[in-house]
Amino acid sequence: MANSWKEWERPLLDLEDGVLKLKHLAARELDPAKKAALEKRIEDFEERIRSFIEVKYSRLGPWEEVLLARAEPRPYTLDYINQILPDFRELDGDRRFGADHAIVAGPARFDGQPVMVVGHQKGRDIKERAYRNFAMAKPEGYRKAIRMFEMAERFRMPVITFVDTPAADPGVESESRGISEAIAASMLSMFELTVPVVSIIIGEGGSGGAIGIAIGNKVLMMEHAVYSVIPPEGCAAILWRDPGKKAQAAAALKLTSASALEFNLVDEVIKEPFGGAHRNAVEAGESIQAAISKYMGELQKMSPSELKEQRYQRFRALGIFETE
Amino acid sequence: MANSWKEWERPLLDLEDGVLKLKHLAARELDPAKKAALEKRIEDFEERIRSFIEVKYSRLGPWEEVLLARAEPRPYTLDYINQILPDFRELDGDRRFGADHAIVAGPARFDGQPVMVVGHQKGRDIKERAYRNFAMAKPEGYRKAIRMFEMAERFRMPVITFVDTPAADPGVESESRGISEAIAASMLSMFELTVPVVSIIIGEGGSGGAIGIAIGNKVLMMEHAVYSVIPPEGCAAILWRDPGKKAQAAAALKLTSASALEFNLVDEVIKEPFGGAHRNAVEAGESIQAAISKYMGELQKMSPSELKEQRYQRFRALGIFETE
Amino acid sequence: MAKVMKPGEANGGNFVQCKGCKKTLFASEFKDNLFVCNYCGHHHRLTWRQRVECTFDEGSFKPLDTELVSVDSLQFPEYAEKHTASVEKLDQNDSVVGGIAQLDGIDVSTAISDFTFMGGSMGSVAGEIITRALERGAEQKMPVIIFCASGGARMQEGLLSLMQMAKTTAGVHKCREVGVPFIAVFTDPTMAGVLASYASIADVIIAEPRCLIGFAGARVSKQAQVVKAPDDFQTAEFVFRSGMLDRIVERREMRGMLTSLVSMFGAHLREGTNG
Amino acid sequence: MAKVMKPGEANGGNFVQCKGCKKTLFASEFKDNLFVCNYCGHHHRLTWRQRVECTFDEGSFKPLDTELVSVDSLQFPEYAEKHTASVEKLDQNDSVVGGIAQLDGIDVSTAISDFTFMGGSMGSVAGEIITRALERGAEQKMPVIIFCASGGARMQEGLLSLMQMAKTTAGVHKCREVGVPFIAVFTDPTMAGVLASYASIADVIIAEPRCLIGFAGARVSKQAQVVKAPDDFQTAEFVFRSGMLDRIVERREMRGMLTSLVSMFGAHLREGTNG
Ligand SMILES: [Zn+2]
Ligand SMILES: [Zn+2]
């Protein structure tokens, strides 16, 4: 069982690396025959890549979905913002304690219309990962989000949230500044909104840290994102006292987009490009844009009070139980 | 020029001390003649006290008012609460960072009706003074106050605030957690209230720290309280580069209750008992109770929107300028 | 062996051992003292039935929503067995019991979390009962009091239990909209998904002394930080200093405190009376 | 000698010395660079006229409320003389100038604080102009932008100036009620009574780099605490880290930032357009 996306995709990554090298060679090859041979080899490689992806991605288990959701080259919130939300002006500060770079937020334009954007932000290199605290927001992050939600309400702007966090920051400082209150208050402030809210789980939907900004009128989920009440490692540790049984735990937790859709916990799963969003960020962005467009269009036909009521009813209905 | 209330009242305090000792003696004296003589002396002393107070208190300058406002034995917020606001249940916490004991807050009953009370609290002994941070609230204190104002609004409770602070806490920690924002946000939340608010300056009305919780529909002021944009010491230091000229500064700043009333900045000055509130806390409490009763009675005839509008207009009108 | 009374054992004339100081206590005195040790003040965990007895006007509690039963939707390993065992052992359907009760004659909507039932964890049934208690308060204009005692969301219901955080928060939203006061009482322990949802956004939060209150398991959060945790990290006392609690109230004072609060904060709901 | 240009001097072909790095700069280049040093990036203080030129659509600014004049109600020592001297020297009535202007054609209500006039201090006139700017925005559905540059409340007007904190806050309240965005720009320095009132409760707060921002005089707050102040205490950078600012924006980017914000946040106010 692979422990990381890189490990799991290793043979595929090697092939893709090979293709790149061959293309480099082909570009500099002057002899037409040799060039043709190289191009034939490239075609072969690409065919192998295609079938490799087809096979590998048709057999994705829950644990592999976890690895994919966590994959470093996956598009992050700011990648989508840069692609589909022009005029983004990042704003910051909780007006209470600090700046939190695990969540980015600010106004932008979507389909030409002003919207408010809030999303977890992971870091791609070691330095940015530290700066972003691995997208684990502290209370400051959620309180900044609340401030943005309140502005969206006052200025009648639809809200788009991107969810991509392993968890809220669980440290001593987070606790002492009320991370629990911050998450709950953020959810509460989203329930109070009378503007349309679309939330998209784009990568890791990690527990309270995720749902803290995921109270949408519509909640969408990328095909290879995961959404879970507890990380599989933690679940395995509790259940079998063995964090190594994370694949079993991932299966038990039903954390895939397919399961979330099956239980009606998300409204739509956004199909990812062939081989995952990390293979074609632009196409992934376009799919997200299309999905947001569609749902924003629906939501904007509703009145402010209908929007609040629909959001309430949407979450109010979640849960499965029987009546004796 | 006296530097403290104790210094200024020294001769008077000595006389009062003398009376106490004589009374003690008289109580134990069995010989009727000697007892009568003692009682005569007590009467003489008390007469001297009365005339001493009459003279001294009729010639109060602004600086003496500052000393009186700061006098340690003056009744503090909790003294008034204990006397006139039964069922007080202290609540705490800003839900953000910490507990702040420079401000006390919670529901209580006034004239039988539930009200929300918020007030600065000084400490009487060294230990309590440290615990109360000399009634200099940090951001946490004002954010607790905001939470109480919001509850008062939701639960339709009139608000009573007691103002008694030298200033908001000016320390590095206060700044780093946004003391300015906290004060301004507290004022803003008071402007948003649609329930009656009565604020009473009971001792020191120190600058932003004071006005942060003093946005009442009616603002009352105890006779020997002061209310100022800057402490006289600070003003003297800026104006004459000599903090020692604090008496001149106190005069220049027009910080007495009489001046505040003259400029229409407070709605009523509550007369203090003979010799100051510290000589008869119960009578002072009764006067406050009567004043609050009167104004609450008036305010409760107004609709929620009228209350908000009246409070807005009250503060909107403050300021003196001419038109060219 | 250390043993805390179970429901119904209190009148058996047994002795019990305090979980705090390990001293032996007379069961009858212990019960009269509301299950608080009179040597060390340790507040022992209560079952929901004990909580009702310690808190509300005698005989005023009426359980509601007792017809709701859990479903093992995920077919989660060992869940059905564990759940069934708890149901049979404790004679209750799930970890939270909802209902209405009175405090000095004032009607309140309530829900009581019981740690003895699967660690008080919040799954679909618990979330539904809590949400209904909040909605009932909002609709019938009764103050809401919820007693929390929970390790957090119920892992065995997966994402469904995460959604209970949102659902119960939605319930609080309904109370806010109509000005119905919501008081949360944190008892040992109040953790994770329960703390990070409806519990922390109560209008007033009262905790029992020294109870455990935290977002992450203490192990996790101590690992996660360079900052040293204070000795009383994740206790009510620490959480109070952090500004998250209104008061720490001893159990013997709790009824009085709650009565006073619902009387004053709920006065505007009781038309024609003056509170 | 260090000297920052005064209005009208910029075209004289003089040299000026940077207040930051002390280097000598060509006045014309300095002006083209919006009075920012191109060696060290020091943002020099601006008069209100310079601020207007650096910010709004050319010729769009219309001053309002210029008829308001100060009254020495307290007969405060030296106040009348100081005030008169400033009025004569600077050809303006007080420390704040209000009006309406445009950003890329979008109408905004504005007020600009000028530190050169008695330290930008806020007395009755400044408070009235700021409040009117906020009210004008609220009534006419225009976004409000206020440039702060002030040592705080004007001591010489005593309690009347403290009341301006409340009055300007009331103005912000009016904007909030009707959903009119209010943007505050903190410039060097933004202090005390101004910071602790309308300025800190703006919807968006933008600061110029390295400007001084603080509640207490740095001396006071450093004395008052056992906690050591960081080296950049009370600078924009410190205040940003403390979560009180949305952004630190260089002067050359300021117009673009403000235009973008009023365009997006004010879109709902401009009926029939799409922002
Ligand atoms: Zn014990
Ligand atoms: Zn320079």
Distance from [X] atom [atom1] to [Y] atom [atom2], nearest 0.5 Å?
X	Y	atom1	atom2	answer
R241(C)	F97(B)	CZ	CZ	11.0 Å
M264(C)	R89(B)	CE	CZ	6.5 Å
R176(C)	M151(B)	CZ	CE	9.0 Å

**Option that, when pairs with chain B are counted at under 4.5 Å, heavy atom only, ranks first among S260(C), S242(C), S200(C), G179(C)** = S242(C)
Let me know if [X] has heavy atoms under 4.5 Å from chain C in its side chain, its backbone, both or neither.
X	value
R143(B)	neither
E150(B)	neither
A108(B)	backbone
R95(B)	both

**Message:** Would F155(B) and D203(C) count as a side chain to side chain contact (heavy atoms under 4.5 Å, CB included) here? Give the steps.
**Reply:** CA-CA 10 Å; F155(B) 308 142; D203(C) 295 303; 3.3 Å; yes
**Aromatic plane relationship, F240(C) with H101(B) - under 30° parallel, 30 to 60° tilted, over 60° perpendicular** =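 Because their plane-to-plane angle is under 30°, the rings of H101(B) and F240(C) count as parallel.
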**Prompt:** What's the verdict on side-chain hydrogen bond (donor to acceptor under 3.5 Å, both in side chains) for R109(B) and S263(C), showing C-alpha distance, side-chain angles and the deciding distance?
**Reply:** CA-CA 10 Å; R109(B) 286 183 192 276; S263(C) 164; 2.5 Å; yes
**Message:** Closer than 3.5 angstrom, by distance alone: can the side chain of R154(B) be matched with the main-chain N or O of V178(C) as a donor-acceptor pair?
**Reply:**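 Between the backbone of V178(C) and the side chain of R154(B) there is no qualifying donor-acceptor contact (under 3.5 Å).
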**Request:** In sequence, state the C-alpha distance, the side-chain angles, and the governing distance for D92(B) and R247(C), and then conclude on salt bridge (charged side-chain N to carboxylate O under 4.0 Å, His left out).
**Result:** CA-CA 6 Å; D92(B) 215 323; R247(C) 285 280 283 273; over 6 Å; no
**Prompt:** Are F265(C) and M157(B) close enough, and set up right, to give a side chain to side chain contact (heavy atoms under 4.5 Å, CB included), and what steps lead you there?
**Reply:** CA-CA 8 Å; F265(C) 286 151; M157(B) 298 158 83; 3.4 Å; yes
**Message:** Is it the case that atom CD in E58(C) sees more than 12 heavy atoms from other parts of the structure closer than 6.0 Å?
**Reply:** no
**Fill in**
Honestly, the part of V239(C) sitting under 4.5 Å from a heavy atom of chain B is neither
**Request:** Heavy-atom distances under 4.5 Å only: say whether L261(C) touches chain B with side chain, backbone, both or neither.
**Result:** side chain
**Asked** Do the charged groups of K144(B) and D246(C) touch, with an N to O distance under 4.0 Å?
**Response** no
